Amino acid sequence: MSQLVWNGLFVGSFYALVALGYSMVYGVIKLLNFAHGDLYMLGAFSGFAMLGALGGLVRSQSLLALLLVLVATMLVTGLAGMALERVAYRPLRGAPRLSLLITAVGASFALEYGTRAAAGADPRVYQVRLGGTTLHVLGARVTVQQLVLVAIAVALMVALHRLVTGSRQGRAMRAIALDPVAARLMGIDVDAVIARTFFLGSALAGAAGVMAGGYYGKIDFLMGFIIGLKAFTAAVIGGIGNIPGTMLGGLLLGLLESFGTDLLGGEWRDVFAFGCLILFLTVRPTGLLGERVTERV
């Protein structure tokens, strides 16, 4: 039981990091950025390239190398997210939401097959695997490297929550979410705040991609598709647009998959995830911590 809980929380931390990008973008501009999962994939491949460049440091200090690459990858994917917003979404911000949705799908395919053209279609084996010293905590087998990555994930989520709730940038984001026109009249640079929102969400997705590469050991150019759908599921479970709810949704989804896999087998893992999405959209579409809002006309 303890092992299942730990496995679920560990994988759920990946889901939560990716889902936060979905939730932030939707909360600010009401856009479902379906290319977000591919920024996770881009982070995994960026980390792979950087680890290859580090060479000897990876062999001697694998965890240190992974942490250095994690920070650099967050910068790369954050800038990629800002570029995506500037090129694909900003020109269509006043268009019908269906146009933005179709653009997001097109951006997803562009990232996937652009990565395939650059890195090839064959899966790549990550240079770092999370092994090392195993600890027994409450009956669960836990490695020191896993504890470090979970601590990093929690630290990133807490830092994001503090930024959104207690900083000037966070107040600007919340103001735009409530009324972008009024926010612009109050002197807020709406375009800059939205771009920084994309940077933060994309950086977290890139961090999760590096963590997943180190945990699973294998990456490919389509790995962002399923994780993107699961991150969307996590955001819906917790309440899309709600930062604490999104974190909770990611962890709950990881626990659900862990226990479901143990009961019925690994082939049912994705069934649990998307079955849960259907259930929440039917029973509580606002999610666990989401609030029902009314559309202004």
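Source: prediction; values computed, not measured.
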Worksheet item: Can you list the residues that meet the side-chain contact (heavy atoms from CB on, under 4.5 Å) rule with L279, with sequence neighbours excluded?
Response: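 With sequence neighbours excluded, L279 shows a side-chain contact (heavy atoms from CB on, under 4.5 Å) to V283, given in chain and number order.
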
Practice prompt. Return the orientation label for the F48 and Y126 ring planes: parallel under 30°, perpendicular over 60°, tilted otherwise.
Written response: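 The arrangement is tilted - the two ring planes meet at 30° to 60°.
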
On a heavy-atom basis, which atom in [X] and which in [Y] lie closest, and how many Å separate them?
X    : Y    : value
E112 : M41  : CA-CE, 3.9 Å
V69  : G47  : CG1-CA, 3.4 Å
G81  : S202 : CA-OG, 3.2 Å
M82  : A195 : CG-O, 3.4 Å
P91  : R86  : CD-O, 3.5 Å
I176 : A183 : CG1-CB, 3.9 Å

Say you draw a straight line from [atom1] of [X] to [atom2] of [Y]; how long is it, rounded to the nearest 0.5 Å?
X    : Y    : atom1 : atom2 : result
I237 : R284 : CD1   : CZ    : 13.0 Å
M247 : S23  : CE    : OG    : 9.0 Å
R124 : K218 : CZ    : NZ    : 13.5 Å
L39  : S46  : CG    : OG    : 10.0 Å
I152 : M157 : CD1   : CE    : 11.5 Å
T246 : L251 : OG1   : CG    : 11.0 Å

Taking only residues two or more places apart in sequence, or in another chain, which ones meet [X] in a ring-ring contact (aromatic ring centres under 6.0 Å, His included)?
X    : result
F198 : Y89
F199 : none
F109 : none

Would you say that [X] contacts [Y] through its side chain, given a criterion of any heavy-atom pair below 4.5 Å between the two side chains?
X    : Y    : answer
D38  : Y113 : no
L84  : N33  : yes
L204 : V18  : no
M24  : L160 : yes
F10  : V142 : no

Identify, with sequence neighbours excluded, every residue that meets side chain to side chain donor-acceptor pair (under 3.5 Å) alongside [X].
X    : value
T73  : none
R196 : Q169
D220 : none
Y26  : none

Worksheet item: For F225, does the CZ atom have more than 12 heavy-atom neighbours from other residues, nucleotides or ligands under 6.0 Å away?
Response: no

Discussion item. With side chain to side chain donor-acceptor pair (under 3.5 Å) as the rule and sequence neighbours excluded, what pairs involving residues 251-260 come up?
Written reply: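 For residues 251-260, and leaving out neighbouring residues, the side chain to side chain donor-acceptor pair (under 3.5 Å) pairs sorted by first residue read Y15-E257, K230-E257.
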
For the hydrophobic clusters of this structure (ILVMFWY residues joined by side-chain heavy atoms under 4.5 Å, transitively), does one cluster hold both [X] and [Y]?
X    : Y    : result
V87  : L31  : no
L147 : L17  : yes
V158 : L156 : yes
L101 : Y22  : yes

Item to complete: Share the residues that join I278 in a hydrophobic cluster, the rule being Ile, Leu, Val, Met, Phe, Trp or Tyr side chains under 4.5 Å apart at the heavy-atom level.
Response: none

Practice prompt. In sequence, state the C-alpha distance, the side-chain angles, and the governing distance for M50 and V76, and then conclude on side-chain contact (heavy atoms from CB on, under 4.5 Å).
Written response: CA-CA 11 Å; M50 293 178 195; V76 170; 3.6 Å; yes

Item to complete: Start with the C-alpha gap between L163 and L200, add the side-chain angles, then the distance that decides, and say whether side-chain contact (heavy atoms from CB on, under 4.5 Å) holds.
Response: CA-CA 10 Å; L163 184 147; L200 291 172; 4.0 Å; yes

Worksheet entry | Any donor-acceptor N/O pair, T115 side chain to L111 backbone, under 3.5 Å |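 Yes; judged by distance alone, with no hydrogens or angles, the pair exists.
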
Item to complete: Could you list the residues that satisfy salt bridge (Lys or Arg N to Asp or Glu O under 4.0 Å) with R93, not counting sequence neighbours?
Response: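 For R93, the residues satisfying salt bridge (Lys or Arg N to Asp or Glu O under 4.0 Å) (neighbours in sequence not counted) are E85, D191.
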
Discussion item. Applying ring-ring contact (aromatic ring centres under 6.0 Å, His included) as the test, list every pair that has at least one member in residues 137-194; sequence neighbours left out.
Written reply: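 Output for this query is empty, none listed.
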
Discussion item. With side-chain contact (heavy atoms from CB on, under 4.5 Å) as the criterion, how do V11 and Y216 come out once you've worked through the C-alpha distance, each side chain's angles and the decisive distance to 0.1 Å?
Written reply: CA-CA 10 Å; V11 176; Y216 294 111; 3.7 Å; yes

Worksheet item: Would V28 and R174 count as a side-chain contact (heavy atoms from CB on, under 4.5 Å) if you check the C-alpha gap in whole Å, the side-chain angles of each, and the deciding distance to 0.1 Å?
Response: CA-CA 7 Å; V28 173; R174 298 200 305 274; over 6 Å; no

